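Numbering of ligands and ligand atoms starts at 1, following listing order. For clarity, every value in this text was computed on a predicted model and none was experimentally measured.
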Amino acid sequence: MPDTSRAAAWSLLCEFTKTLALRRHALGVEASMRALARQAGVTDAAEVERWGLVGLLHDFDYEKFPTEQDHVWRGMEILRERGWPEELVLAIGAHALYTGIPRDTPMKKAILAADELTGFVSAAALIRPTRKVADLPPESVLKRMKDKTFARAVDRAIMKQGADEVGLPMLELAALVIAAQLPIAARLGLDGGPGEELPDAPVPAPSP
Ligand SMILES: [Fe+2]
Ligand SMILES: [Fe+2]
């Protein structure tokens with residue numbers, strides 16, 4: 001039986017991803033996915049964890065394989081080789097629109113909604129005077145979205161599509177993502193301080 005635990009996912013992420021920023025992104029998107037699972041009515045703890053793992057692993061191959069030709073495709077191959085369930089592999093593939101993998105399950109829709117917005121929320125938090133996500137109102141996220149010069153690499157259309165597909169108004173989705181980051185803000189470097197290092201061990205606890 002392949003090990004598909006959260007600890008195994010963390011170890012796979014760390015094997016391929018050495019930069020702190022990308023490890024933080026993985027944990028931030030995991031937190032958003034767990035919140036989106038609950039929002040979608042998932043109550044089973046193991047299922048909430050599976051949604052989280054899609055977030056934790058969605059970019060695990062990106063540092064090594066950043067081009068559209070490779071990113072996610074290589075990751076999906078590696079996941080399959082190592083026995084990760086196909087449901088998770090496809091959901092991870094679905095976060096990149098160019099794969100054309102249909103987002104035909106709530107989990108696949110959620111990863112699209114979680115990914116870009118989680119990155120955007122963290123960028124928006126870091127320009128608050130306190131550099132705390134706790135001090136970021138969801139309204140300010142929407143304002144930043146309209147500011148074309150802010151975080152211009154983040155595609156607004158994809159964020160909107162994500163919100164549409166999960167059926168949440170952008171303000172509500174932004175509030176959900178912000179709330180999901182709060183319990184792990186120190187780990188994400190979003191609590192005003194330098195933030196925690198994220199070594200290979202110990203495995204950081206998930207957002208509740
Ligand atoms: Fe990606
Ligand atoms: Fe991502």
Side-chain angles (χ1 to χ4, degrees), residues 6 9-10 12-37 50-80 84 87-103 105-126 133 141 144-145 150-166 170 173-174 176-178 180-181 184-185 187-190 195 198 204 206-207:
R6 184 172 180 276
W10 178 255
L12 176 60
L13 173 72
C14 292
E15 179 186 340
F16 284 82
T17 305
K18 304 300 173 191
T19 56
L20 180 58
L22 262 173
R23 289 187 183 185
R24 283 179 172 163
H25 175 62
L27 287 170
V29 177
E30 179 191 32
S32 298
M33 284 296 286
R34 292 171 65 90
L36 280 166
R50 277 194 287 278
W51 284 53
L53 294 189
V54 172
L56 193 60
L57 288 173
H58 79 285
D59 275 342
F60 90 90
D61 67 339
Y62 182 78
E63 189 178 300
K64 273 206 163 57
F65 307 112
T67 66
E68 285 196 8
Q69 238 170 346
D70 285 336
H71 169 47
V72 179
W73 304 111
R74 300 296 292 269
M76 290 169 75
E77 264 170 40
I78 294 161
L79 288 165
R80 285 187 177 120
W84 288 84
E87 183 200 21
L88 181 137
V89 175
L90 285 177
I92 287 170
H95 92 268
L97 290 177
Y98 57 78
T99 61
I101 294 172
R103 287 177 304 285
T105 64
M107 184 194 264
K108 288 185 186 131
K109 295 182 205 299
I111 189 62
L112 187 73
D115 181 19
E116 298 279 62
L117 185 58
T118 302
F120 193 80
V121 158
S122 115
L126 289 174
V133 71
V141 175
R144 292 286 165 203
M145 281 180 72
F150 176 75
R152 53 177 101 201
V154 183
D155 190 328
R156 271 59 168 175
I158 293 181
M159 286 199 285
K160 289 199 184 101
Q161 193 177 337
D164 285 351
E165 290 189 14
V166 295
M170 188 53 80
L173 181 60
L176 175 149
V177 166
I178 290 168
Q181 316 299 300
I184 56 165
R187 209 164 286 150
L188 301 176
L190 300 177
L198 293 170
S207 186

### Query
Is there side-chain contact between Asp115 and His25, with at least one heavy-atom pair below 4.5 Å?
yes
### Query
Hey, is there an N, O or S on His95 sitting under 2.8 Å from the Fe ion (ligand 1)?
yes
### Message
If I take every N, O or S atom of Asp115, is at least one of them less than 2.8 Å from the Fe ion (ligand 1)?
### Response
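Coordinating: no.
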### Task
Decide, yes or no, whether a salt bridge links Arg6 with Glu30 under the criterion of side-chain N to carboxylate O below 4.0 Å.
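Salt bridge: yes.
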### Task
Decide, yes or no, whether a salt bridge links Arg103 with Glu165 under the criterion of side-chain N to carboxylate O below 4.0 Å.
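Looking at Glu165 together with Arg103, the answer is yes, because their closest N to O distance falls below 4.0 Å.
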### Task
Measure from the Fe ion (ligand 2) to every N/O/S atom of Asp59 and report the name of the nearest one.
OD2
### Task
With the Fe ion (ligand 2) as the reference point, give the N/O/S atom of His58 that is nearest.
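Sorting the N, O and S atoms of His58 by distance to the Fe ion (ligand 2) puts NE2 first.
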### Message
Over 60° means perpendicular and under 30° means parallel, so tell me whether Phe150 and Phe120 are parallel, tilted or perpendicular.
### Response
perpendicular
### Message
Can you tell me if, anywhere in Glu116, an N/O/S atom lies at a distance from the Fe ion (ligand 2) that is smaller than 2.8 Å?
### Response
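No, since none of the N, O or S atoms of Glu116 sits under 2.8 Å from the Fe ion (ligand 2).
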#### Entry: N, O or S atom of His25 closer to the Fe ion (ligand 2) than 2.8 Å
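His25 does place an N, O or S atom closer than 2.8 Å to the Fe ion (ligand 2).
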### Query
Mind checking whether His71 and Tyr62 have ring centres under 6.0 Å apart?
yes
